[in-house]
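Working notes for the structure below.
Below, each value reflects all heavy atoms present in this structure, side chains not excepted, and no hydrogens, waters or symmetry copies. Residue numbers begin at 1 in each chain, while the letters A, B, ... track the order of the sequences.
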Amino acid sequence: MSEEKSLNFIEEIIEEDLKSGKHSSITTRFPPEPNGYLHIGHAKSICLNFGLAKKYGGQTNLRFDDTNPTTEETEYVESIKDDIRWLGFAWSNELYASNYFEQLYGFAVTLIKKGLAYVDDSSSEEIAEQKGTPTVPGTRNRFADRTMEENLQLFADMRAGKFADGSKVLRARIDMASPNMLLRDPIIYRIKHAHHHRTGDNWCIYPMYDFAHGQSDAIEKITHSICTLEFIPHRDLYNWCIENLGIYPSRQYEFARLNLTYTIMSKRKLLQLVNEGHVNGWDDPRMSTISGMRRRGYTASAIREFCDRIGVAKRENLIDFSLLEFCVREDLNKIALRRMVVFDPLKVVITNYPEGEEWLASENNPEDPAAGHREIPFSRELYIEREDFMETPAKKYFRLAPGMMVRLKSAYIIKCEEVVKDVNGNITEVRCTYIPESKSGADTSGINVKGTLHWVSVAHAVTAEVRLYDRLFKVEDVANAEGDFKDHINEASLTVLPNAYAEPALLNDTADDRYQFIRKGYFSLDKDSTPGKLVFNRTVTLKDGWAKEVKKG
RNA sequence: UGCCCGAUAGUAUAAGGGUAGUACAACUGAUUUUGGUUCAGUAUGUCGUGGUUCGAAUCCAUGUCGGGCAACCA
């Protein structure tokens, strides 16, 4: 059976264009503004733009849309490049809208000469007023009557720095009565005496998005300029510029941006979280930034798979976070090394086990025999998870309880004989016996137990810091929730366990490794780790059928 | 009440006039030395109303609902 995947609407357009001969190959672009870090929403756009070019044998430019020097920085340029590379994509050309400032200036002069642009001295308030409303046409002011020569001179003077910020703008002359507000003589150049991260102080006038983006596309001969829905009304202006400038006819297509439950997808809000200290930087593992997710332990292939599964369409959407979690688990399950780590220890003493130790083999990954085995020390005193013992077991609980037997992973079956408590009645120790014939891999005991626990030998345990993350927001649809988005921050999104007990094999592992702490979740080494101190981030929990059972009651 | 975009299970996304399918989520069960994985199965859907047609999610009309548009942001 063929399992050809159906095409999304953009792929359909491209295939038609290729088939009809409109284009012989395609060129796309990813056009970030370097004013913040990339997030998972950008990943969707990156996968789309680069993925299309890859699929149809075209190319993709990385173009920084750097037309607003007051918000843009080189730091962001570097992080964006890092993130795209990490996601697994290679751009054909690294470009900047600021490369085209001279050309763009020329385009503006062309418009002036054609009588299609004029310098306006009005304040932004006046311009807004004259714009009218969606139902009331706007009006032109006296500046619109300036001669071509006057406009040319004034625009040159603007460039020469003769005017203060905000004192003049260049406007395209289109239609003050257009039902599309963007066509009511839009501002295309404004004065900003600001230092630009690439052009320095060469310019004090900068083009607006609408007078830079489409032209940049045209200059680069972008065949399919793909952007998000909010740019739909801009398309008329995009085309107007192309037609009146007579430049390469790039075409704009719009798709619905990604929204994810329990997260925000706005650079402005993300920046706020960073600046106000709600998180520890752009790469905080709780952030929906690419760098945050990377630090958290997400793999690039999981993110690509996610972007593939969510599809591309024009309707607004809010994707279940669980789909992202599914994609990471699916990937990590295949590659993560299994290790045993106890988060909240309860001591188990095996009363019939001799002094000393033995080393037991345990598979690194049951899904991948090629991953091999490691040796784990076993001894008389162990730690198990406190939640894996119940003095009076709940129904369907098949972990350790008085008189009950469980398997210790890769080791023996033990039976709980006695519970030791302190003066306050807190359980301090559980005393068990083990069944020597039940050794893992050589079990002749004939005993079947339902539960298998992870454990660590007390004498051999190494301590590690473990950071557990929960969702950053408490509501599903953060962007549309009542009140300020910060009202919905989950104060318990980070739990630090300073002293978890880990099997010693973890000491030898390296930063690139992914782990599954058995029965606990997927983890990866954090950059805060030092030779003397291991720090792990929980990428995602394991699916927890027991927790579900407990919740049902 | 101007213009533009959209509407298919809980969430996404297919079906392009001919059996409404897939994934995630949910629920059952089997397997399991991870209550993981894997496997098998169940339930839930075409926004309303007219029309065209032998036949409509699909075409037409109309209504409803949701979103966007009046930054010297992108």
Side-chain angles (χ1 to χ4, degrees), chain A residues 3 5-8 12 31-33 35 65-68 70-72 120 122-124 127-129 131-138 165-171 178-182 184 187-192 205-206 208-210 212-213 227 229-236 254 256 261 267-268 309-327 329-330 333-334 338 340 362-363 366-367 396-399 406-411 413 438 440-441 443 448-454 476 516-521 541-550:
Chain A
E3 48 182 284
K5 221 188 148 199
S6 53
L7 304 177
N8 65 48
E12 284 175 3
E33 182 188 12
N35 67 345
D65 228 328
D66 55 349
T67 56
N68 186 0
T70 54
T71 59
E72 296 156 5
D120 191 337
S122 306
S123 67
S124 65
I127 290 176
E129 253 171 57
K131 209 137 216 184
T133 71
T135 52
V136 177
D165 287 9
S167 61
K168 283 180 170 51
V169 292
L170 183 70
R171 289 227 253 172
S178 172
N180 182 344
M181 301 294 290
L182 285 161
R184 319 243 274 218
I187 294 169
I188 57 178
Y189 261 94
R190 78 283 216 194
I191 301 171
K192 270 181 194 278
I205 57 172
Y206 293 92
M208 297 286 288
Y209 166 85
D210 286 304
H213 200 98
C227 61
L229 257 27
E230 64 267 33
F231 291 97
I232 289 176
H234 293 251
R235 193 174 58 227
D236 288 341
E254 312 86 9
T261 55
K267 277 196 274 187
R268 202 195 91 244
R309 283 174 180 256
I310 56 179
V312 178
K314 297 192 75 158
R315 63 189 97 125
E316 312 256 353
N317 59 82
L318 180 61
I319 309 279
D320 260 342
F321 197 84
S322 59
L323 179 61
L324 218 205
E325 293 189 323
F326 169 83
C327 293
R329 289 191 185 112
E330 184 185 46
N333 178 47
K334 291 180 296 194
R338 313 295 136 122
M340 294 202 282
S362 186
E363 70 274 14
E367 305 296 317
K396 291 190 192 168
Y397 186 84
F398 46 84
R399 303 178 187 177
V406 292
R407 157 78 60 183
L408 293 178
K409 172 73 182 169
S410 297
I413 291 173
S438 67
S440 189
D443 188 347
N448 269 320
V449 293
K450 284 196 92 171
T452 299
L453 308 185
H454 63 281
E476 277 204 335
Q516 184 197 101
F517 293 173
I518 292 176
R519 302 209 303 138
K520 284 296 181 188
T541 60
L542 252 26
K543 277 212 305 204
D544 191 344
W546 173 241
K548 216 177 270 181
E549 195 66 41
V550 170

Of the options B:U1, B:U34, B:C69, whose atoms approach the side-chain atoms of A:Gln516 most closely? B:U34
Could you pull out the closest heavy-atom pair between A:Arg184 and A:Gly132, with the gap in Å? NH2-C, 3.7 Å
Mind checking side chain to side chain donor-acceptor pair (under 3.5 Å) for A:Glu129 and listing every partner two or more places apart, or none if nothing turns up? none
List the protein contact pattern of nucleotides 3-9 of chain B with one symbol per nucleotide (5' to 3'): B for base contact, S for sugar-phosphate-only contact, - for none; contact means a heavy-atom distance under 4.0 Å. SS-SSB-
Span that lies between the C1' atom of B:C5 and that of B:U19, in whole angstrom: 32 Å
Between the side chains of A:Asn180 and A:Ser178, is a donor N or O closer than 3.5 angstrom to an acceptor N or O? no
Identify the stems formed by RNA chain B, where each pair is Watson-Crick or G-U wobble with both distances under 3.5 angstrom and a stem is at least 3 consecutive pairs. B:2-7 with B:64-69, B:10-13 with B:21-24, B:26-30 with B:38-42, B:47-51 with B:59-63
Say you pick atom P in B:U1 and the same atom in B:U53; how far apart are they, in whole Å? 32 Å
Taking salt bridge (charged side-chain N to carboxylate O under 4.0 Å, His left out) as the test, write out the residues that go with A:Glu367, two or more places apart. none
So, A:Tyr209 and B:A74: ring centres less than 5.5 Å apart, planes less than 30° off, yes or no? no
Base B:U38 to side chain A:Glu367, donor-acceptor N/O within 3.5 Å cut-off: no
I'd like to know if the side chain of A:Arg329 reaches the main chain of A:Thr541, judged simply by a donor and an acceptor atom lying under 3.5 Å from each other, with no hydrogens or angles considered. yes
Nearest whole Å is fine: how far is B:A12 P from A:Ile319 CD1? 6 Å
Let me know the distance between CG of A:Leu542 and P of B:U34, rounded to the nearest Å. 11 Å
Using the ring pair (Phe, Tyr, Trp, His ring centres under 6.0 Å) criterion, which residues pair with A:His213? Sequence neighbours excluded. A:Tyr209
Once each nucleotide of nucleotides 24-33 of chain B is scored for protein heavy atoms under 4.0 Å, what B/S/- sequence comes out, 5' to 3'? SSSSS----B
